[in-house]
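Here the structure is laid out as structure tokens; the discussion comes afterwards.
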Amino acid sequence: QVQLVESGGGLVQAGGSLRLSCAASGSIYSINEMAWYRQDPGKQRELVATITSGGNTNYADSVVGRFTISRDNAKNTVHLQMNSLKPEDTAVYYCRANIVRVLDVYRSRNYWGQGTQVTVSS
């Protein structure tokens, strides 16, 4: 079984910073793309940032220059450094990882974390 566990959410004032982490564990053979999404109640889940196994990154326009995604392949973790936070960044943040399991190396599937709340006060 594979599990993703997020941490690092919380309450912060506008202009502040938070660092989210997501650790994947279980019978993992390899991890392809990793990503962060966010969702506000009543809205669709939004892609925030992605990072490939080789370190190539992409960001939503709304977070360019403020958020940085990174990963540690040796530890199967992905991070999201969030600076200059705004009230509109308030959401539940989810990580997703495209994982190849040890018992099925011929295909990959997406796994999701349980989400971590980020609240930015004005």
Do the side chain of Asp72 and the main chain of Lys75 share a donor and acceptor less than 3.5 angstrom apart?
-> yes
[X] side, atom [atom1]; [Y] side, atom [atom2] - distance, nearest 0.5 Å:
{"X": "Glu46", "Y": "Asp40", "atom1": "CD", "atom2": "CG", "value": "9.5 Å"}
{"X": "Asn58", "Y": "Thr50", "atom1": "CG", "atom2": "OG1", "value": "4.5 Å"}
{"X": "Glu33", "Y": "Ser53", "atom1": "CD", "atom2": "OG", "value": "9.5 Å"}

Is the shortest side-chain heavy-atom distance between [X] and [Y] below 4.5 Å?
{"X": "Ser62", "Y": "Arg38", "result": "yes"}
{"X": "Tyr106", "Y": "Val100", "result": "no"}
{"X": "Phe67", "Y": "Leu85", "result": "yes"}
{"X": "Glu6", "Y": "Leu20", "result": "no"}
{"X": "Met82", "Y": "Trp36", "result": "no"}

Between [X] and [Y], what is the shortest heavy-atom contact and its length?
{"X": "Ser122", "Y": "Ala14", "result": "CA-CB, 4.4 Å"}
{"X": "Val48", "Y": "Tyr93", "result": "CG2-CE2, 4.3 Å"}
{"X": "Cys95", "Y": "Val78", "result": "CB-CG1, 4.4 Å"}
{"X": "Asn76", "Y": "Met34", "result": "O-CE, 4.3 Å"}
{"X": "Ile99", "Y": "Ala24", "result": "CD1-CB, 4.3 Å"}
{"X": "Ile51", "Y": "Ser70", "result": "CD1-CA, 3.9 Å"}

From CA spacing to verdict: side-chain contact (heavy atoms from CB on, under 4.5 Å), Gln114, Leu4 | CA-CA 8 Å; Gln114 81 286 355; Leu4 269 61; over 6 Å; no
Membership question, hydrophobic clusters at under 4.5 Å side-chain separation (ILVMFWY): are [Y] and [X] in the same one?
{"X": "Val92", "Y": "Val118", "answer": "no"}
{"X": "Leu80", "Y": "Val64", "answer": "yes"}
{"X": "Ile69", "Y": "Trp112", "answer": "no"}
{"X": "Val120", "Y": "Val63", "answer": "yes"}

Is a salt bridge present between Arg66 and Asp89, judged by a nitrogen-to-oxygen distance below 4.0 Å?
->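 Result for this pair is yes, salt bridge flagged.
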Residues Asn83 and Ser17: side-chain donor-acceptor under 3.5 angstrom = yes
Distance only, no hydrogens: is a donor on one side chain within 3.5 Å (strictly under) of an acceptor on the other, for Arg71 and Asn73?
->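 Side-chain D/A pair, Arg71 to Asn73: present.
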Worked verdict on Leu103 versus Tyr29 for side-chain contact (heavy atoms from CB on, under 4.5 Å) = CA-CA 8 Å; Leu103 295 179; Tyr29 180 77; over 6 Å; no
